[in-house]
Structure formats: structure tokens, C-alpha cells
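Only one structure is covered here, and it is reproduced in the block below.
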There are 2 protein chains.
Amino acid sequence: MALHPTGPRGRDGILAAIETELRGRGYDGASMADLSEATGLGKSSLYHHFPGGKPQMVAACAEAVQARLAARLAAVTCVSCPHEKLVALFGAFNAYFEGGTRMCLMTLMATSSAAEALRPVLASNIAATIATIAAIVTEGGIDPTLARQRAEEAFAQVQGAVLMGQATGNTDLFRRLVDGLPQGLLKPV
Amino acid sequence: MALHPTGPRGRDGILAAIETELRGRGYDGASMADLSEATGLGKSSLYHHFPGGKPQMVAACAEAVQARLAARLAAVTCVSCPHEKLVALFGAFNAYFEGGTRMCLMTLMATSSAAEALRPVLASNIAATIATIAAIVTEGGIDPTLARQRAEEAFAQVQGAVLMGQATGNTDLFRRLVDGLPQGLLKPV
DNA sequence: ACGTCCCAACCGAACGATCGGTACATTATT
DNA sequence: AATAATGTACCGATCGTTCGGTTGGGACGT
């Protein structure tokens with residue numbers, strides 16, 4: 001049977017190349033020709049793996065991202081105190097956003113022409129990430145309702161900082177947030 | 001001379017239609033045919049007004065946005081206390097973002113294929129907005145350096161909230177921020 | 001061991017549609 | 001009459017997508 005061995009690089013490698021291209025050019029900016037070149041596969045081969053075309057590729061990438069976040073989280077949960085967990089988690093964010101220079105796949109796709117079709121996938125991924133943050137903050141002794149609000153606001157802040165970094169070329173704000181949010185989130189009422 | 005009276009609607013009306021289309025479909029998602037239909041002008045007429053094509057249209061829209069912000073600000077500066085100024089300013093943001101349902105033109109363009117060419121315009125507009133917020137916060141008795149940091153973080157938070165609204169369809173976070181930030185920004189150290 | 005059948009993986013070439021952009025004629029304004 | 005503003009018709013290029021065909025390895029019957 002085997003779920004797609006797919007050549008030397010494997011399906012994961014194909015998805016990684018697609019994700020990089022999408023995050024670099026955006027949904028409407030990345031053409032099938034671009035994705036073909038990025039993956040090293042002919043366009044018809046891409047349609048073999050993803051009969052649904054570009055939307056299915058995005059959905060598959062989103063699932064891969066969510067899986068990677070879950071794996072990161074599993075490695076984080078064995079850390080002792082909530083503050084260190086948050087430091088590790090925001091370190092993972094820093095890596096994912098490549099220091100604030102690379103957009104989030106979900107929010108990028110949310111502003112595309114396929115946003116409506118992709119909304120369930122995007123919303124699910126974002127909700128999972130926020131729930132992860134909120135759980136750690138709650139564990140740190142913050143009221144669950146407040147923890148959720150803080151998590152949402154922190155998430156928005158990070159996303160906005162990346163956006164501003166794209167617009168201005170300055171990643172100072174992003175770095176300041178990634179450094180400061182772990183303790184800011186846990187600050188007592 | 002006259003800077004383009006341009007038919008019954010005038011240049012401002014053309015720019016408004018273009019801006020709406022761009023904020024609805026994104027830079028790469030809005031084709032010249034879309035913009036032609038939105039403005040009611042033939043493609044060649046659009047090129048008559050904007051020989052530089054889509055990038056020039058974006059730049060012109062950005063200038064119009066900045067001008068509208070300046071006008072709003074002029075109406076705000078006659079208000080007495082800083083808190084009320086912030087309330088008025090964030091009310092203007094709320095209107096511009098249409099309750100969190102519509103993206104910011106600048107940050108949207110920042111993730112497009114024309115981002116590099118447009119960076120100076122986008123960065124200038126964003127810097128002006130942040131400076132506006134920071135000035136009012138400073139006026140409210142906050143240390144200028146801290147005021148600037150708070151302004152940057154609030155701006156990022158709002159932008160991120162809009163992004164999340166696009167992704168999830170939920171504008172609660174945006175509304176909470178617009179309501180709460182005016183007093184949050186002025187909170188004493 | 002050998003032939004053969006199957007099917008996932010892949011590619012080149014082409015499809016109609018649409019892309020951004022232009023040439024040129026026409027209408028409106030001054 | 002001159003100039004700005006607009007429409008019609010079109011350009012080559014590229015878009016997303018599909019078609020027909022090749023390859024190669026694993027399963028199966030003998």
C-alpha cells in the first residue's frame with residue numbers, strides 16, 4: 001500500500017518545497033510553474049499527488065505544519081516550569097518565522113483568493129496554537145479566561161509584528177516580542 | 001493643469017474603487033480586468049491615469065490613505081485629553097478596518113509580489129501611523145521611548161487581529177482591542 | 001526463474017482562459 | 001483646433017489544468 005513514497009525526496013520533501021514557495025510568494029503569487037520548479041516535479045506530477053490543485057496543496061501543508069507544532073509541543077511538555085515552556089514555545093515560533101522574516105502560512109493564505117475554501121483548515125490551526133499558549137499560561141496560575149485572552153492577544157501581536165517586518169524590513173519589534181512575551185504572559189493580575 | 005478631474009466620479013472615486021478591490025482580493029489576486037470592472041473604466045483608461053500600472057495604483061492609494069489619516073488626525077487634535085484622542089483615533093481605525101473585516105492596504109501589499117518595489121511607501125505610511133499613536137501616548141505622560149514601544153506593539157496587535165479575523169471569521173478579538181487599547185496604552189508605569 | 005500484468009510516479013505537450021499591457025480611433029472638454 | 005479621457009480590439013505570455021504516454025518495480029501464475 002504505502003502512503004506515497006514519492007521519489008527520492010518523499011512526500012514530506014515535496015510539501016516542504018511547496019510550503020517554502022507559498023510562504024515566499026503568497027497563494028496567488030505562486031504559480032504552478034513556480035511550484036513545479038521548486039519541487040523539481042512536472043506540473044502534471046504535482047496534479048498526480050494533489051488532484052485538488054493548489055488548494056489541496058495548501059491544506060496538506062497546513063496539516064504538516066500542525067503536525068510539526070504538535071511534535072514540538074510534545075518535546076516541550078517535559079520541561080518543568082511554565083515560563084520555560086513558553087520560552088521554548090516562542091523559540092519554536094522564532095524558528096518558524098525565521099526571525100520575523102517569513103510570514104505565517106495560515107495568515108498568508110487567509111488573505112488569498114482561496115481564503116474562503118481554506119477557512120476551516122486555517123481556523124483550526126490557529127485555534128490549536130492559541131489553545132496551546134493558553135494552556136501553559138493557565139498552568140502558570142492565570143485565570144483560564146484571562147489566559148485565553150492573553151494568548152489571543154499575544155498571537156495577534158506576533159502575527160502583526162511579522163507583517164510589519166515584511167512591510168518595513170525591520171524585525172526589531174518581532175524579536176522584542178518573542179523575547180518579552182513569555183514573562184509578559186505570566187505576569188500576575 | 002488640474003490633477004485629473006476624470007469624469008463624473010473624479011480621480012478620488014477611481015482610487016476608492018481600486019483600493020476597495022485591492023483590499024478585497026489582494027495585489028496578486030486583483031487583476032487588471034477586476035480593477036477595470038470595479039472602476040467602470042477600460043483597461044487603457046486605467047493605464048492613461050496610471051502609466052506605471054498596478055504598482056503605481058497601489059502607491060496612489062497609499063498616498064490617499066495617508067492623506068485621509070492626516071485629515072482624521074487634524075479633526076482629532078482639537079479634542080482635549082489624550083485618552084479621548086486615542087478613542088477617536090482607534091474609532092477611525094475601526095472604521096478603516098470596517099470592524100475588523102477588511103485588511104489594511106499597507107500590510108496586504110507587503111505580502112505581495114510587488115512588496116519590494118512598494119516597501120518605501122508602505123514603510124512610510126506605517127511609520128507615520130505609529131508616530132501618531134506614540135505622540136498621543138507621550139502627551140499622556142508616558143516616557144517617549146516606552147510610548148513608542150507601546151504604539152508599535154498596539155499597531156502590531158491590531159494588524160494581527162485583523163489577520164486572524166480574516167482567517168477565522170471571528171472579529172471579537174479586534175473589537176476587544178479597539179475598545180481596550182486607548183486606556184491600555186496610557187496605563188502608568 | 002521467467003513472462004506478464006498492474007499501477008504509482010513521472011514527464012512533455014498541449015488546452016482554453018486569462019494575464020498585464022498596447023495601438024489606435026473616438027469622444028468630450030477647453 | 002488642441003488636449004485629455006475613454007473605448008475597441010488586440011498582442012504575446014502565462015495562467016491553472018488535462019491528456020496521452022513512458023518508466024519501473026512489485027505481485028502473480030506457471
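What you see below is based on every heavy atom in this structure, not just the backbone, and it leaves out hydrogens, waters and symmetry mates. Chain identifiers are assigned alphabetically (A, B, ...) following the order of the sequence lines, protein sequences preceding nucleic acid strands; residue numbering begins at 1 within each chain.
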task = With DNA chain D as reference, determine whether A:Asp34 or A:Pro51 sits nearer its 5' end, using the nearest nucleotide of each.
result = A:Asp34

Output the rounded distance in Å from [atom1] ([X]) to [atom2] ([N]).
X       : N      : atom1 : atom2 : result
A:Arg25 : D:dC15 : CZ    : C1'   : 14 Å
A:Phe50 : C:dA9  : CZ    : P     : 11 Å
A:Asp28 : D:dT14 : CG    : P     : 18 Å
B:Leu46 : D:dA4  : CG    : P     : 18 Å
B:Tyr47 : C:dC24 : OH    : P     : 18 Å
A:Gln56 : D:dT17 : CD    : P     : 11 Å
B:Tyr27 : C:dC19 : OH    : P     : 14 Å
A:Met32 : D:dC19 : CE    : P     : 15 Å

request  = State whether the distance check finds a donor on one side and an acceptor on the other, under 3.5 Å, for side chain A:Ser44 versus base C:dC11.
outcome  = yes

Distance test, side-chain N/O of [X] to OP1/OP2 of [N], below 4.0 Å:
X       : N      : result
A:His48 : C:dA9  : yes
B:Lys43 : C:dG20 : no
B:Ser31 : C:dC19 : yes

Would you indicate which nucleotide in [options] comes nearest to any side-chain atom of [X]?
X       : options                : result
B:Leu41 : D:dT6, C:dT22, D:dT17  : D:dT6
B:Ala33 : C:dC11, C:dG20, C:dC19 : C:dC19
B:His49 : C:dG20, D:dG7, D:dA5   : D:dA5

message = Does either side chain, that of B:Asp28 or that of B:Ser113, offer a donor lying less than 3.5 Å from an acceptor on the other one?
response = yes

key: Common cluster, A:Leu69/A:Leu118, ILVMFWY with side-chain heavy-atom separation under 4.5 Å   = yes

key: A:Val87-A:Ile130 co-clustered via ILVMFWY side chain contacts under 4.5 Å   = no

key: Steps toward side-chain hydrogen bond (donor to acceptor under 3.5 Å, both in side chains) verdict (B:Thr111, A:Gln166)   = CA-CA 7 Å; B:Thr111 63; A:Gln166 294 283 319; over 6 Å; no

task = Answer yes or no for A:Arg23 and A:Tyr96: cation-pi contact, defined as NZ/CZ to six-membered ring centre under 6.0 Å and angle to ring axis within 45°.
result = yes

